[in-house]
Amino acid sequence: MSITADIIQKDSKYSVPVAARPDFVLARGEGVTVFDTDGNAYTDWVAGIAVNALGYGDAELQAAVTAQMDTGLIHVSGLYHTQPMVELAQTLCDMSFAGKAYFCNSGAEAVEGALKFARKHAYVNERVNKTKVLSFSDAFHGRTMGALAVTPKPKYQTPFKPMVPGAVLGEFNSIDSARELIDADTVAVIIEPIQGEGGINVASAEFMQALRTQCDEHDAALIFDEVQCGLGRTGDMWAHSIAGISPDIMVLAKPLAGGLPIGAILVTDEIASAMSPGDHGSTFSGGAVVMQAAQVVVNRIANDGFLEHVREVGEYLLERLSELNSPHIVDVRGRGLMAGIELDIAPGGIVQAGYEHGLLLVSSGSNVIRFVPPLIIQKAHVDELIDKLTQILETIDDGD
Ligand SMILES: *Cc1c(COP(=O)(O)O)cnc(C)c1O
């Protein structure tokens with residue numbers, strides 16, 4: 001049996017079957033390209049689900065991780081001070097609204113923490129009736145129990161009921177819905193400025209501003225989930241900055257440590273003032289190797305020219321995707337290097353055909369192909385993508 005077939009067979013025997021994986025095995029990566037065990041190359045429009053912002057094999061990232069390994073300190077736990085953690089907290093606060101940062105290990109864990117921080121803030125202010133958390137249609141905030149409760153997708157929730165109580169569902173981009181649902185019992189409102197898993201839906205500036213106003217009026221914490229859309233993906237450091245307002249809490253994860261597991265909760269000093277030692281924590285919080293990796297990623301994104309590159313290639317991507325000529329394309333949308341094409345057919349066939357054309361593609365929602373490549377991708381890769389998508393769409397159209 002070939003190595004490839006052997007690995008695929010063992011995966012089905014030994015891995016819990018929560019993912020349907022294609023029939024190749026990835027072995028290495030370079031730049032924006034990954035290679036399988038048979039030597040086939042794929043241009044990566046997925047980036048480990050919007051994670052690998054600097055692509056594969058970034059020399060500076062590797063050097064930073066190696067240098068930290070060489071100190072012998074991979075991990076000491078949050079019981080002790082380390083320099084890399086404090087430096088990353090300062091960097092993230094300096095470049096955002098936040099006064100303080102807390103580190104964890106994933107997006108869902110950051111959302112869990114954010115919900116707890118909001119509740120503790122209400123609690124210390126003796127607002128014990130505040131237990132409602134408003135989230136919006138097509139939101140995705142993660143799969144742990146608290147994050148799942150604000151992720152209103154029946155397929156994800158139904159088998160795991162009962163959900164954590166208090167979750168209230170509003171309509172995305174509906175100011176009326178937000179006005180109706182945010183009240184004195186609301187402890188937090190959580191929203192993705194651009195929905196990733198839900199189909200690349202862009203929150204309007206007016207909607208985010210209205211949420212800010214309603215939260216201020218009713219003493220609720222506004223939480224921006226920038227796990228997928230944040231850290232330069234839209235061509236701005238933060239996707240919410242187009243609205244000209246700030247949240248009380250922002251959660252980050254996916255790209256932050258260049259592929260190592262991390263989550264971050266950024267908060268105002270006001271929210272942080274409600275937290276005391278022992279209120280929250282995680283064994284792996286702020287591990288030194290992960291912090292060093294994140295410092296490289298954040299510095300690179302903040303560096304001269306990086307966001308301009310994202311904006312330029314992102315605009316080109318949207319422009320070229322809009323030129324695609326297929327009766328199955330219903331809409332093209334997004335911002336920066338976070339784009340989607342909505343189809344009137346299920347996207348699975350196009351994703352599968354992508355593999356045969358040397359492309360990694362991923363769907364989003366039920367009928368959208370999403371493009372969230374490494375942020376270092378170039379216009380030439382966009383041209384390659386469009387050529388291949390044109391061919392793929394032609395065969396799919398002919399197949400009808
Ligand atoms: C992926 C994602 C999460 C969950 O992150 P995990 O690291 O998978 O737990 C939360 N919110 C958004 C917006 C995401 O895209």
Side-chain angles (χ1 to χ4, degrees), residues 16 18-19 45-53 102-118 133-153 155-157 160 163-164 167 169 172-173 188-203 208 211 222-234 237-240 247 249-266 282 284-285 287 290 293-294 297 334-340 362-365 368-373 375:
V16 176
V18 291
W45 287 89
V46 183
I49 319 184
V51 167
N52 306 323
Y102 169 83
F103 297 108
C104 52
N105 309 288
S106 70
E109 196 188 332
V111 168
E112 294 289 330
L115 297 174
K116 284 181 69 182
F117 287 16
V133 178
L134 180 64
S135 70
F136 297 97
S137 44
D138 295 319
F140 183 87
H141 298 295
R143 295 163 180 276
T144 53
M145 288 312 249
L148 186 59
V150 291
T151 296
K153 183 163 169 166
K155 179 175 157 56
Y156 294 167
Q157 287 190 342
F160 306 105
M163 288 291 108
V164 174
L169 180 61
F172 189 72
N173 268 341
V189 174
I190 183 165
I191 185 169
E192 298 153 86
I194 300 183
Q195 293 183 330
E197 305 301 307
I200 312 295
N201 305 309
V202 181
M208 288 190 272
L211 294 180
L222 180 58
I223 305 172
F224 283 154
D225 180 345
E226 295 226 9
V227 164
Q228 187 157 168
C229 61
L231 283 163
R233 179 147 298 276
T234 63
M237 186 56 78
W238 313 119
H240 70 261
I249 304 177
M250 176 164 70
V251 290
L252 304 175
K254 288 187 164 83
L256 179 53
L260 292 175
I262 189 172
I265 310 174
L266 305 189
S282 160
F284 289 117
S285 175
V290 180
V297 173
R335 197 159 73 236
L337 287 170
M338 185 168 188
V362 67
S363 63
S364 163
V368 173
I369 305 253
R370 149 177 57 162
F371 304 91
V372 286
L375 301 181

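All residue numbers in this chain count up from 1 along the given sequence. First listed ligand is number 1; within each ligand, the first listed atom is number 1. Since this is a predicted model, take the numbers as computed values, not measurements.
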Test side chain to side chain contact (heavy atoms under 4.5 Å, CB included) on Asp138 and Phe172; report intermediate values, then the result. CA-CA 8 Å; Asp138 295 319; Phe172 189 72; 6.0 Å; no
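- Note: Glu226 CD to Trp238 CH2 = 7.0 Å, rounded to the nearest 0.5 Å.
- At a 3.5 angstrom cut-off on N or O pairs, Asp225 counts as close to ligand 1.
- Atoms CZ and CD1, from Phe224 and Ile249 in turn, are 12.0 Å apart once rounded to the nearest 0.5 Å.
- Residue contact check: Ser106 has heavy atoms under 4.0 Å from atoms 7 (O), 9 (O) of ligand 1.
- Where the criterion is an N or O separation shorter than 3.5 Å, residue side chain and backbone included, Ala108 meets it with respect to ligand 1.
- Atoms CD and CD, on Glu192 and Gln228 in that order, are 7.5 Å from each other to the nearest 0.5 Å.
- Protein heavy atoms come within 4.0 Å of atom 11 (N) of ligand 1.
- Nearest to atom 6 (P) of ligand 1 among the protein's heavy atoms is Gly107 N, 3.5 Å.
- Atom CD of Gln195 sits about 6.5 Å away from atom OG of Ser137, to the nearest 0.5 Å.
- Counting atoms of ligand 1 from 1 in the listed order, those under 4.0 Å from a heavy atom of Gln228 are 15 (O).
- Against a heavy-atom cut-off of under 4.0 Å, Phe140 is close to the following atoms of ligand 1: 1 (C), 2 (C), 3 (C), 4 (C), 11 (N), 12 (C), 13 (C), 14 (C).
- Lys153 NZ to Glu197 CD: the interatomic distance, rounded to the nearest 0.5 Å, is 8.5 Å.
- Close approach to Glu192 involves these atoms of ligand 1, each under 4.0 Å from a residue heavy atom: 13 (C).
- Looking only at heavy atoms of the protein, atom 14 (C) of ligand 1 is closest to Lys254 NZ, 2.9 Å.
- The OG atom of Ser285 sits 8.0 Å away from the CD atom of Glu109 when rounded to the nearest 0.5 Å.
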Given side chain to side chain contact (heavy atoms under 4.5 Å, CB included), test Leu231 with Leu375 step by step and report yes or no. CA-CA 10 Å; Leu231 283 163; Leu375 301 181; over 6 Å; no
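- Taking any N or O of Glu109, backbone or side chain, none lies under 3.5 Å from an N or O belonging to ligand 1.
- Contact atoms of ligand 1 toward His141: 10 (C), 11 (N) (distance under 4.0 Å to a heavy atom of the residue).
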